[in-house]
Amino acid sequence: VSQSRYWEALRLGLDRVVRPALELGVTPIALLCSQEIQLKVQSVLRSTARRLFVASYEELEPGLPVEQVGTWELEYR
């Protein structure tokens, strides 16, 4: 898979997972990930027009209620 196709698949997957929440007016939206990939996720988001927060699971207060709205996956066309 070419690098440009990989980045396009990341972007499409991100759009697919956040679009329903944005259409419902749910904001802010945060992406949760492990600390190991947090900087990479932030880097990918900077290359998109999406204004999303990135937090690691380790940064959350214990017992903080979190509602999962989707899972970001690669999406190829």
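Contact of the V69 side chain with the V26 side chain is not registered, since no non-hydrogen atoms from C-beta on lie closer than 4.5 Å. You'll find the side chain of W72 stays beyond 4.5 Å of the side chain of V18, heavy atoms only. At a threshold of 4.5 Å between non-hydrogen side-chain atoms, the residues L45 and L14 count as touching. Side-chain contact check for E8 versus R5: every heavy-atom pair is 4.5 Å or farther apart.
No side-chain donor-acceptor contact under 3.5 Å links T71 and E73. With no hydrogens or angles considered, no side-chain donor-acceptor pair links E59 and Q35 at under 3.5 Å.
With hydrogens and angles disregarded, no donor-acceptor distance shorter than 3.5 Å links the side chain of W7 to the backbone of V44.
L52 and Y57 are members of different hydrophobic clusters when ILVMFWY side chains are connected at heavy-atom separations under 4.5 Å. Residue L10 is not grouped with residue L32 when hydrophobic side chains (ILVMFWY) are merged at heavy-atom distances under 4.5 angstrom, including chains of intermediate members.
Nearest heavy atoms, V54 versus Q38: O-NE2, 3.4 Å. Counting all heavy atoms, side chain and backbone alike, S56 lies closest to S34 at CB-C, 4.2 Å. Shown here for I29 and A21, the closest heavy-atom pair between the two residues is CD1-CB, 3.7 Å.
To the nearest 0.5 Å, the span separating CZ on R51 from CG on L22 amounts to 13.0 Å. Atom SG of residue C33 and atom NZ of residue K40 lie 13.0 Å apart, to the nearest 0.5 angstrom.
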